[in-house]
There are 2 protein chains.
Amino acid sequence: MKPKMTLKKIASELGLSISTVSKALKDNKDISKENREKVQAFAKFYNYRPNSVALSLKNKRTKTIGVIIPEIVHHYFAKVISGIEEVANSKEYNVIIGVTNESYRKEIINMEMLIDGSIDGFIISLSKETLQKADYTHLQETINQNIPIVMFDRAVNEIPSDKIVIDDRESGRMAVQKLIDEGRKKILLLTTKDYLNIGRLRTEGYKDALAENRIPFDEDLVVRIGELGDSDEDQRMLEERINKVFELHPDIDGIFGVNEIYAVTALNVARLRGLDVPETLSVIGFSDGILSKYARPHLTTVSQHGFQMGEIAAQTLINRLEEIDSGEETPYTTQVVKTELIIRDSTLNQVVQKK
Amino acid sequence: MKPKMTLKKIASELGLSISTVSKALKDNKDISKENREKVQAFAKFYNYRPNSVALSLKNKRTKTIGVIIPEIVHHYFAKVISGIEEVANSKEYNVIIGVTNESYRKEIINMEMLIDGSIDGFIISLSKETLQKADYTHLQETINQNIPIVMFDRAVNEIPSDKIVIDDRESGRMAVQKLIDEGRKKILLLTTKDYLNIGRLRTEGYKDALAENRIPFDEDLVVRIGELGDSDEDQRMLEERINKVFELHPDIDGIFGVNEIYAVTALNVARLRGLDVPETLSVIGFSDGILSKYARPHLTTVSQHGFQMGEIAAQTLINRLEEIDSGEETPYTTQVVKTELIIRDSTLNQVVQKK
DNA sequence: TTGTACGCGTTATCAT
DNA sequence: ATGATAACGCGTACAA
């Protein structure tokens with residue numbers, strides 16, 4: 001039960017002054033070699049560590065970054081946090097996590113809890129509710145208080161800040177183009193209701209690809225899915241809806257789901273209907289989650305590189321923080337992280353020759 | 001660009017002393033109503049928040065807990081963190097996350113990074129490497145420095161601390177008993193190499209169930225799997241091994257996998273071999289992850305209640321911290337969280353009558 | 001070569 | 001009713 005060491009205790013123990021001890025620990029040449037060694041040995045023995053709270057108070061920076069995310073039980077966000085952690089730790093920053101559960105209120109509460117000097121800056125992905133309300137005053141106020149924000153994934157143009165995003169529209173286009181390249185003509189889109197940018201943009205990409213290939217857009221082939229809970233009930237409803245579309249359009253030969261759940265569910269439904277994947281039907285999902293990997297057949301998906309996004313977000317925030325320290329200020333940037341189509345077994349390997 | 005408000009600034013702005021302002025903000029009756037209102041209005045307008053770093057320094061507690069986990073991209077741990085967050089936030093605690101990636105070295109680095117006064121206590125699940133080395137001096141030293149530790153899941157008897165665990169052995173027994181109740185006689189066990197307590201205890205449970213039902217234990221039916229990477233390569237090897245066992249023992253009628261990956265993989269392999277699940281073969285996994293839920297057929301598993309474990313761990317740590325504050329000390333406890341068999345579609349519903 | 005004093009922001013005790 | 005002062009732990013400019 002060692003008491004924790006402080007400069008003061010070391011000083012009194014060794015009959016020196018606090019500042020002498022402080023300097024000795026930094027190996028300051030002002031202090032006699034003799035005392036330096038004595039102090040250092042003593043400090044090491046009692047493994048003294050400078051109190052970080054005192055340092056934070058003095059330096060006016062905590063070397064801690066606040067990460068606000070909608071969900072932590074979610075492969076993508078977990079990956080992002082991993083990336084943030086990695087970079088942050090390598091730069092001696094700590095990471096405090098706040099989870100909003102997609103709630104506007106909890107987003108504000110979480111941020112206010114940290115805005116009292118606990119953190120130097122935020123990395124945040126907005127909650128769905130915040131996007132729906134489109135009320136970003138809490139973000140603006142944070143920035144007004146000189147606390148920098150880096151937004152990732154669910155960013156918003158109204159707020160001036162650094163942003164890390166993927167090109168959802170282009171990614172959607174790319175995925176659907178892949179299906180068309182295989183010779184698919186009747187492509188089912190599984191997307192979200194429109195308030196989430198994500199779903200909307202990926203839907204635009206779907207339309208882009210069709211248009212570029214002169215395939216007429218058919219609203220019948222678009223299933224817009226509302227909020228999906230965790231329950232088996234919701235899951236069954238989703239299956240139901242997909243089944244219904246297949247009944248009306250048994251000749252669907254491609255599926256693009258804007259997230260993993262949609263795509264995997266559709267894949268399962270299709271197989272239960274006796275369809276061969278990928279022989280007669282190709283399926284592509286979105287997100288590099290674990291479901292896609294273990295689905296049968298393994299699901300081809302658009303990977304978002306969550307880990308990399310986290311790394312970039314952390315690096316960007318830390319750069320900004322150190323910039324502030326040194327007085328300069330560069331303009332805000334928006335970095336677009338490239339997505340990648342990971343070809344697995346739910347699509348054809350060879351591309352059908354275009355006629 | 002409002003500068004952040006401090007007591008000092010308010011005081012000088014209002015022509016009062018710092019201590020008057022401080023008291024006024026607490027609505028201390030010593031201060032004239034007039035001044036109280038003036039100060040409070042002013043503070044509210046500039047939304048003043050007491051600097052938490054200064055408070056931490058003064059109070060000698062940060063109201064922050066450090067959570068050290070092996071992996072964050074893992075459904076179970078993500079759930080636990082959720083539970084911790086929930087309880088911590090409701091008690092006005094912040095949560096700092098440190099990820100070890102199963103490395104002993106990173107575990108120490110992470111802990112040392114926080115042990116400098118950044119946090120009041122730890123919640124930790126040990127890394128595999130730490131368990132292998134069985135070197136727990138860093139934990140003991142943390143405790144010696146009066147920083148309480150709550151261990152969860154991967155806890156260890158050598159260290160005196162509060163612990164939250166599940167009964168792995170009993171859970172394994174329960175799962176296998178369920179298979180036996182269905183009339184299964186030749187049950188394949190997929191487990192880990194022995195250095196991880198988890199796998200070993202669940203294996204014991206497997207043996208218990210067999211013994212209780214007078215089914216001879218057959219080493220041939222135990223597959224001990226080493227470290228599994230994230231790569232498709234490793235995955236394929238796993239499938240290979242399971243396949244081989246099936247070739248030698250085509251009449252296996254039950255499978256118990258000590259984790260989700262093993263069970264889902266076995267499920268897929270079995271189906272590819274043309275076996276009907278659950279008609280001729282039942283499969284049970286471990287952990288309430290997402291894979292089990294979306295596997296086909298949906299996988300019956302032993303749920304570990306990760307969220308609840310997180311809640312309990314956080315509550316236990318906070319209790320301990322407040323106890324220390326008030327001087328009393330209660331003995332360390334080990335809380336066992338009950339697991340639950342979640343029956344889905346990879347096992348039979350009805351129990352075969354025992355003869 | 002060593003020590004004193006100050007400030008970071010806050011609260012609590014003790015004058016006035 | 002208000003204000004000055006000390007203390008939390010640290011680093012550093014300035015004295016000695």
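Numbered from 1 within each chain, the chains take letters A, B, ... in sequence-line order.
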Among dT10(C), dT2(C), dC10(D), the one nearest any side-chain atom of Tyr48(B) is dT10(C)

Whole angstrom value for the distance that separates [atom2] of [N] from [atom1] of [X]:
{"X": "Ile31(A)", "N": "dG11(D)", "atom1": "CD1", "atom2": "P", "value": "13 Å"}
{"X": "Glu34(A)", "N": "dT1(C)", "atom1": "CD", "atom2": "C1'", "value": "12 Å"}
{"X": "Ile18(B)", "N": "dG9(C)", "atom1": "CD1", "atom2": "P", "value": "10 Å"}
{"X": "Leu7(B)", "N": "dG7(C)", "atom1": "CG", "atom2": "C1'", "value": "15 Å"}
{"X": "Asn59(B)", "N": "dA7(D)", "atom1": "CG", "atom2": "C1'", "value": "12 Å"}
{"X": "Asn35(B)", "N": "dA1(D)", "atom1": "CG", "atom2": "P", "value": "11 Å"}
{"X": "Asn28(B)", "N": "dT10(C)", "atom1": "CG", "atom2": "C1'", "value": "15 Å"}
{"X": "Leu16(B)", "N": "dA4(D)", "atom1": "CG", "atom2": "P", "value": "11 Å"}

Phosphate OP1/OP2 of [N]: any [X] side-chain N/O under 4.0 Å:
{"X": "Lys8(B)", "N": "dG7(C)", "answer": "no"}
{"X": "Lys60(A)", "N": "dG7(C)", "answer": "no"}
{"X": "Ser56(A)", "N": "dC8(C)", "answer": "no"}

Hey, which sits more toward the 5' end of DNA chain D by its nearest nucleotide, Lys33(B) or Leu55(A)? Lys33(B)

When you compare the side chains of [X] and [Y], does any donor N or O come within less than 3.5 Å of an acceptor on the partner?
{"X": "Glu323(B)", "Y": "Asn319(B)", "value": "no"}
{"X": "Ser103(A)", "Y": "Asn101(A)", "value": "no"}
{"X": "Asp120(A)", "Y": "Tyr93(A)", "value": "no"}

Considering all heavy atoms, the nearest [X]-[Y] contact:
{"X": "Met113(B)", "Y": "Asn89(A)", "answer": "CE-OD1, 4.0 Å"}
{"X": "Val53(B)", "Y": "Ser56(A)", "answer": "CG1-CB, 3.7 Å"}
{"X": "Ile65(A)", "Y": "Ala88(A)", "answer": "CD1-CB, 4.2 Å"}

Considering the options Glu102(A), Glu129(A), Lys106(A), which one meets the side-chain contact (heavy atoms from CB on, under 4.5 Å) requirement together with Pro70(A)? Glu102(A)

For the helix from dT1(C)-dA16(D) to dT16(C)-dA1(D), measure the angle between the helix axis at one end and the axis at the other, each built from five pairs, rounding to 10°. 70°

Under 3.5 Å donor-acceptor, Asp27(B) side chain and Arg36(B) backbone: no

Ring-plane angle category for Phe152(A) and Phe77(A), please: parallel below 30°, perpendicular beyond 60°, tilted otherwise. perpendicular

When we call it a touch if two heavy atoms are under 4.0 Å apart, what does Thr20(B) touch: a base, just sugar-phosphate, or nothing? base

Just call it for Leu57(B): base, sugar-phosphate, or nothing, with non-hydrogen atoms closer than 4.0 Å on any strand. base

Would you list the protein and nucleotides 12-16 of chain C atom pairs, both N or O, that sit under 3.5 Å from each other?
none

Under 4.0 Å between a side-chain nitrogen and a carboxylate oxygen: does that hold for Glu71(B) and Lys128(B)? no

